[in-house]
Student: 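I'd like to ask you about the structure that follows.
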Amino acid sequence: AGVKEDSFNVLDLAEYTKNRPWWRKVFAPSSGSSAEKYNVATQLVIGGVTGWCTGFIFQKVGKLAATAVGGGFFLLQIANHTGYIKVDWKLVERDVNKAKQQLKFHSSGKKVSPEVKSKVDEVIIFLKKNVILTGGFAGGFLLGMAS
């Protein structure tokens, strides 16, 4: 019986990217600031467009979430009033008070975990290096929320 051998070409990505400057531009490590890669107008456009899209989506999801929560609460009130369900308000009050105490306990502690601190530091460094992009994003976000 004749055995057919398949031959495969091996693609070395390291060699491929050396010959493709667009690949490095698109998939370059983002260790530097965007100011090194793009001019001011491009940064503002990128930040503004992504901010507007984020704000628009945030607004739509926010309205949907508010409607769902408000509608759910309204239906619970109707069901409670008509007698379909009975709410143990003492239990609700006790759980709310317990949650308040836990929030007070956690917010009074001044200790911040090192993981959170390092992530916050990374975000601050990114924001400082990409001020124009961040400003464009903030402006676009507000426009997206307003539209």
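Note that the coordinates shown come from a computational prediction; the quantities given were computed from them, not determined experimentally.
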Student: Side-chain heavy atoms under 4.5 angstrom apart, residues restricted to Ile, Leu, Val, Met, Phe, Trp, Tyr: same cluster for M145 and L143?
Tutor: no
Student: Could you tell me which residues satisfy side chain to side chain contact (heavy atoms under 4.5 Å, CB included) with V123, sequence neighbours excluded, listed by chain and number?
Tutor: L127
Student: Would you say E122 has more than 12 foreign heavy atoms packed within less than 6.0 Å of its CD?
Tutor: yes
Student: Measure the shortest side-chain to side-chain distance between N97 and Q101 over non-hydrogen atoms and say whether it is less than 4.5 angstrom.
Tutor: no
Student: Can you name the side chain to side chain donor-acceptor pair (under 3.5 Å) partners of T42, sequence neighbours left out?
Tutor: N39
Student: According to a hydrophobic-cluster definition based on side-chain heavy atoms being under 4.5 Å apart (Ile, Leu, Val, Met, Phe, Trp, Tyr only), do I124 and V131 belong together?
Tutor: no
Student: Look at the side-chain heavy atoms of Ile, Leu, Val, Met, Phe, Trp and Tyr, link any pair under 4.5 Å apart, and say whether W89 and I85 land in one connected group.
Tutor: yes
Student: Could you measure the distance from the OG1 atom of T50 to the CG atom of L133? Nearest 0.5 Å is fine.
Tutor: 6.5 Å
Student: Any chance you could measure T134, atom OG1, to Q43, atom CD, to the nearest 0.5 Å?
Tutor: 9.0 Å
Student: Got a sec, which residues hit side chain to side chain contact (heavy atoms under 4.5 Å, CB included) with T67, two or more places apart in sequence or on another chain?
Tutor: none
Student: Following the transitive rule for hydrophobic clusters with a side-chain heavy-atom cut-off under 4.5 Å over Ile, Leu, Val, Met, Phe, Trp and Tyr, establish whether V92 and L76 coincide in one cluster.
Tutor: yes
Student: Distance check, rounded to the nearest 0.5 Å: C53 atom SG versus F137 atom CZ?
Tutor: 9.5 Å
Student: State the CD1-CH2 distance between I57 and W52, to the nearest 0.5 angstrom.
Tutor: 8.5 Å
